[in-house]
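By convention in this document, chain letters (A, B, ...) are assigned in the order of the sequence lines, proteins followed by strands, and residues within each chain are numbered from 1.
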There are 2 protein chains.
Amino acid sequence: MNGRPPRADALRNRARVLEAAGAVFAERGTAASTEEVARRAGVGIGTVFRHFPTKESLLEAALAGLMEELADRARALEDAADPGAAFFGFFSEVVRRSATKNALSGALAEAGVDALRAGGEAGPALKQSLGTLLERAQGAGAVRADVGAAEVMALLAAMTHAAGLGGGTGALAVVFDGLKAP
Amino acid sequence: MNGRPPRADALRNRARVLEAAGAVFAERGTAASTEEVARRAGVGIGTVFRHFPTKESLLEAALAGLMEELADRARALEDAADPGAAFFGFFSEVVRRSATKNALSGALAEAGVDALRAGGEAGPALKQSLGTLLERAQGAGAVRADVGAAEVMALLAAMTHAAGLGGGTGALAVVFDGLKAP
DNA sequence: TGACAACCGGAGTGCTCACTCCGTATCTTC
DNA sequence: GAAGATACGGAGTGAGCACTCCGGTTGTCA
């Protein structure tokens, strides 16, 4: 199907571009120019467009990377001793992280649907890991039984987004109370 | 200070532009071009820029108009017989409306902080009316006493935003349960 | 109704951005 | 270490956008 493996510098540059894209889009929002990503990565624009033929594809790839990180974190918590703490801890960690990397929330929002649906394999992976975390927490009686992964994902996206607006901790506490078993 | 009142056509056009801006930005997002707003309003671009010297000012004005609508709605509910129903009803009405006018949520998000803080007088007005609704609902025992207007605004913004993502009704129910008195 | 100010329309301007192209440099293979 | 494939850099291209400018039009007031 495909001839040779890619050259070593190509691989290195691809990784650099991806990292720079994550940083730039998080700081400046998704409206940041491709040229700035190239500058940050220390490569020419041509290189960026060779690896990611379109700005949209670059955004998707950067987003997929971030979601993969989250999915890994979720998987690591699947065997935790206290499923309730694992679930709520993961939830607030995601919110907190997104608050710091200011505009990740914006990116998740703009490309949101696309990211969850078609964002490589990381989207489904995150959803599944989150589902496992949720089920275990429900099994332990820490979370009410009548909510599904979809609702939790929606709440996570919502609170991630609102984290940039201020009234963070209190609002999160309200949501957590709503999620706890009666 | 100022000489004459503005001409009648100027007033008419200003209103048309504002209405068109609200519709266009809600449908196409805030990235929609000023020219499209002008087309929709049936005026020339020059006219748009005479009334709103900058695209940002146009956005602000359109947003302020929407928030004023919401503030009016909130004020109308201040004397309702059932404060709890008024509060939760208002909350879900705002979320529902934003879901329909798809990208109002995006607009509220992007310009969010600016809108709440400096968006004319509508921002504070909304916050105050919402505060009144909240206090009355708390007085009636329908909402827990340890949440403030800031948390509710944050939750409102969050759920407004997430409404476009799908898992709407269930997620909202969770938040409402979290808001209810124990 | 005439005269003047206020207002309108929309072609034009300058800028930014995504994306292309190709001469040059670097890696890989034998 | 030489040949050939692969990848790089960055000036260049075209499209789109916010915003300006001014000749023409319309409302207003006496």
Can you check the [X] [atom1] to [N] [atom2] distance for me, whole Å?
X: B:Arg12; N: D:dT28; atom1: CZ; atom2: C1'; value: 14 Å
X: A:Arg28; N: C:dT16; atom1: CZ; atom2: C1'; value: 16 Å
X: B:Arg39; N: C:dG9; atom1: CZ; atom2: C1'; value: 14 Å
X: B:Glu35; N: C:dG12; atom1: CD; atom2: P; value: 14 Å
X: B:Arg7; N: D:dT25; atom1: CZ; atom2: P; value: 14 Å
X: A:Glu36; N: C:dT16; atom1: CD; atom2: P; value: 13 Å
X: A:Leu59; N: C:dC19; atom1: CG; atom2: P; value: 11 Å
X: A:Glu56; N: C:dC17; atom1: CD; atom2: C1'; value: 16 Å

Any residue of residues 45-55 of chain A with a heavy atom less than 4.0 Å from an atom of DNA chain D: A:Ile45, A:Gly46, A:Thr47, A:Arg50, A:His51
Checking contacts here: which listed nucleotide ([options]) is nearest the side-chain heavy atoms of [X]?
X: B:Val43; options: D:dA18, C:dG9, D:dA5; result: C:dG9
X: A:Ser33; options: C:dC27, C:dA5, C:dA18; result: C:dA18
X: A:Asp9; options: D:dA18, D:dC8, D:dG27; result: D:dC8

Evaluation steps, side chain to side chain contact (heavy atoms under 4.5 Å, CB included), between A:Leu58 and A:Phe49: CA-CA 9 Å; A:Leu58 176 58; A:Phe49 278 99; over 6 Å; no
Position toward the 5' end of DNA chain C (nearest nucleotide), A:Pro5 or B:Leu11: B:Leu11
Hey, is [X] close enough to [Y] for a salt bridge, meaning N to O under 4.0 Å?
X: A:Arg75; Y: A:Asp72; value: yes
X: B:Arg40; Y: B:Glu27; value: yes
X: A:Glu93; Y: A:Arg73; value: yes
X: B:Arg136; Y: B:Glu78; value: no

Heavy-atom pair of closest approach, residues A:Ala142 and A:Phe88: O-CE1, 3.9 Å
Contact summary for A:Val174 and B:Val175, nearest pair of heavy atoms: CG1-O, 4.1 Å
Below 4.0 Å: OP1/OP2 of C:dC7 and any side-chain N or O of B:Asn13: no
